[in-house]
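The structure presented is a predicted model; accordingly, all values stated were derived computationally and were not measured. Letters go in sequence order (proteins before strands), and every chain restarts at 1.
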There are 2 protein chains.
Amino acid sequence: MRTIEWKDGMVVIVDQTKLPNEAVWVKIADYKAMASAIKEMKLRGAPLIGVAAAYGLALTAFHSKAETREELLKELEMSAEVLRKTRPTAVNLFWAIDRVMKTVRETAGTKEALAEAVVAEAQKMADEDVEVNKRMGRFGAELIEDGDVVLTHCNAGSLATVDYGTALGVVRAAIEEGKNVKVIACETRPRLQGAKLTCYELMRDGIPVTLISDTMVGYVMSRGMVDKVVVGADRIVRDAVLNKIGTYNVAVLANEHGIPFYVAAPMSTMDQSRTSGDAVIEERSPNEVTNVRSERIAPEGIKVLNPAFDITPLEYVDAVITEEGILYPEVHLKPKNKQTKRKN
Amino acid sequence: MRTIEWKDGMVVIVDQTKLPNEAVWVKIADYKAMASAIKEMKLRGAPLIGVAAAYGLALTAFHSKAETREELLKELEMSAEVLRKTRPTAVNLFWAIDRVMKTVRETAGTKEALAEAVVAEAQKMADEDVEVNKRMGRFGAELIEDGDVVLTHCNAGSLATVDYGTALGVVRAAIEEGKNVKVIACETRPRLQGAKLTCYELMRDGIPVTLISDTMVGYVMSRGMVDKVVVGADRIVRDAVLNKIGTYNVAVLANEHGIPFYVAAPMSTMDQSRTSGDAVIEERSPNEVTNVRSERIAPEGIKVLNPAFDITPLEYVDAVITEEGILYPEVHLKPKNKQTKRKN
């Protein structure tokens, strides 16, 4: 089942803030509700928020009462403006909005033809996302050996995409090829997407998964319990990968232990116009750190940092797995293989 | 106020599982209640559980109805046996029990004289702990510069000791010398001693502290926001420091950024009879990872790892601060100072 679907002029999503305790399906009726859902992380994951934004524009087009082509265009520009402001770091959001708006501008004909084209483009992007993940998975599976334990951070799975997943798509593809693969999931504080979402979707699909706290990454690596790391990405700039906070910790530790560190992300995640120096890191509410749902875990009034993403220089990245093939960054640290007692 | 006190034949402790929400003082009446309190982590921190175990023996001696010296000795041996089995990793527990039992065996005279000697020894150890921490603090303060931001993991503060603290004792001593010092506290999953205890005691004492999730360690270091790392230790073996899970992550990241990594621990934490190869790492209940108090954060049935400690090889340790002075391990990685934009 897809994480997001178009149904009779509505968009249906699973509310990820309620997982794994409840699978609640929510109907999104307009672009404003979609913008809120993205901001509140009812849906998250770079590829998914891209498609969600496209669907947000489709909702505007589908329900528009505009009388002219120009009026509809104005409405779409306004919706795009609001959707762009939801989350700053993942580039797929901007890529998706730009793609839909380009289609709009290139579509000739009436207001009705335009509306139809927007909905069709959003649908196409959703379909493409699944297709892209499967292709990425097949390329990435080449890097995974039978018996591997893959450590992953956050959730770069079917719940971060329309279906199949990026990092977890690589795991799924390797398993579909008949390889025995197990996953170690970092819980990924503060929002716990690893504990809540990665564990949920892997257990649902019968893929063996073990949960660890983020503090245990070095421990499991030093004990030889990890063969590969595969994570997703929110934006890949010229010199670095921007991904969920904690990814950089994992990358440095993987490098220290000589464990290959792979990033799986669609080409739409690439942003070659920027370097890590001009990357915008979203700072989210302190409550995400001081509270775990209703539980307060720190004193009232405590000062908190809450960057949602971090920056992993390409030196720490052994390969970037895309739907067009595997890219190998030119700069590289030397593998150290220190302390790690590998299985063979 | 001390974290643990002897009062009219009872031991009074603050229940650390209830902090920072409530400061509940609990009376401990016998060695069994003390063993439970240690196991359930109502009190924790290597130096503190050492003193707590000594007080556990004092409770046995004080309330004993034994009629002979031999009977009392037997009761003390039995109590020691139970206390030894509470937690395997921190060496201070075993050191403290051995020290009290040695005093017992060396004390001549009646059953009454023996009982008195046990209580006196436990009291002396509590007093010494405070004195040792203050001396350690003065040595450690030499390593801290005016304006430093010190990152710490877990709680090695007054709540991990009788008073003053080891790692946080170093911070306190530097501040008492008139230096401007700020702290970044890692929340320290799974039990969140950083968020709950370190933030609590530093805020209480007016020391500036910022809370981060464990995932943010690399981020704050890469942004040049950390000048020194100071942590405590549960056991220092010939080649490594055993400390709270996540310490090794922090050590590797500090080394990668050329940030000095210091361990503050009393000489009673030294265990030169062992190496990291024969260290026992306590594995605690999966519930600590899957639940934050009443909140379930992972699917039912998920497989979990929960090692309570990890192993940091001495190569990553720039200095060990003790009450006898600063020790410099002989083996060392080279400082890299990579990526870090230092303040000056």
Side-chain angles (χ1 to χ4, degrees), chain A residues 20-21 153 184 186-190 192 195-196 199-200 203-204 208-220 222 225 244-253 255-256 281 286 288-290 292-307 309-313 339, chain B residues 20-21 153 184 186-190 192 195-196 199-200 203-204 208-220 222 225 244-253 255-256 281 286 288-290 292-307 309-313 339:
Chain A
N21 300 336
H153 188 67
I184 292 180
C186 302
E187 64 175 6
T188 317
R189 280 280 290 152
L192 297 162
K196 291 182 174 179
C199 290
Y200 170 81
M203 283 180 84
R204 182 194 63 190
V209 54
T210 300
L211 172 65
I212 60 169
S213 300
D214 303 304
T215 46
M216 299 168 193
V217 173
Y219 177 86
V220 294
S222 72
M225 293 163 79
K244 182 50 56 198
I245 189 75
T247 302
Y248 176 55
N249 286 8
V250 175
V252 169
L253 287 159
N255 179 69
E256 193 73 6
I281 300 290
E288 295 185 347
V289 175
T290 56
V292 176
R293 283 205 185 107
S294 65
E295 289 291 355
R296 176 93 197 172
I297 60 150
E300 294 292 338
I302 185 74
K303 197 179 154 198
V304 168
L305 292 180
N306 188 15
F309 302 93
D310 62 20
I311 296 168
T312 300
Q339 293 179 307
Chain B
N21 301 335
H153 189 67
I184 292 179
C186 302
E187 64 174 6
T188 317
R189 280 278 291 152
L192 298 162
K196 291 181 175 179
C199 290
Y200 170 82
M203 283 180 83
R204 183 193 63 191
V209 54
T210 300
L211 171 65
I212 61 169
S213 300
D214 303 303
T215 45
M216 297 166 195
V217 173
Y219 177 85
V220 294
S222 72
M225 294 162 77
K244 181 53 53 198
I245 189 75
T247 302
Y248 175 55
N249 286 8
V250 176
V252 169
L253 287 160
N255 179 70
E256 193 73 5
I281 301 290
E288 295 185 347
V289 175
T290 56
V292 176
R293 284 206 185 106
S294 66
E295 289 292 355
R296 175 94 197 172
I297 60 150
E300 294 291 338
I302 185 74
K303 198 178 155 198
V304 168
L305 292 180
N306 187 15
F309 303 93
D310 63 20
I311 296 168
T312 300
Q339 291 180 306

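Note on B:Ile297, B:Thr188, B:Asp214: by heavy-atom pairs under 4.5 Å with chain A, the leading option is B:Ile297. Your options are A:Ile302, A:Ile212, A:Asp310, and the one with the most heavy-atom pairs under 4.5 Å with chain B is A:Ile302. Contact count versus chain A (heavy atoms, under 4.5 Å) is highest, among B:Ala251, B:Ser294, B:Pro286, for B:Ser294. The greatest number of non-hydrogen atom pairs below 4.5 Å with chain B, out of A:Cys186, A:Pro208, A:Gly246, is found for A:Gly246.
For B:Pro299, the parts lying under 4.5 angstrom from a heavy atom of chain A are both the backbone and the side chain. Proximity to chain A (any heavy atom under 4.5 Å) is shown, for B:Glu288, by neither the backbone nor the side chain. Both the backbone and the side chain of B:Asn249 come within contact range of chain A, with heavy atoms under 4.5 Å apart. Neither the backbone nor the side chain of A:Val250 comes within less than 4.5 Å of any heavy atom of chain B.
For the atom pair CD (B:Glu300) and OH (A:Tyr200), the distance works out to 13.5 Å, reported to the nearest 0.5 Å. Here the straight-line distance linking atom CD of B:Glu187 with atom CZ of A:Arg189 works out to 4.0 Å at 0.5 Å rounding.
A pairwise comparison of heavy atoms in A:His153 and B:Thr215 identifies CE1-CG2, 3.8 Å as the closest pair.
Every residue was checked against the salt bridge (charged side-chain N to carboxylate O under 4.0 Å, His left out) condition with B:Arg204, not counting sequence neighbours, and none meets it. By the side-chain contact (heavy atoms from CB on, under 4.5 Å) test, B:Pro307 pairs with A:Met216, A:Tyr219, B:Ile245, B:Ile281, B:Glu283, B:Leu305, sequence neighbours left out.
Here the options are A:Arg296, A:Lys196, A:Arg293, the test is salt bridge (Lys or Arg N to Asp or Glu O under 4.0 Å), and the partner is B:Glu295; only A:Arg293 passes.
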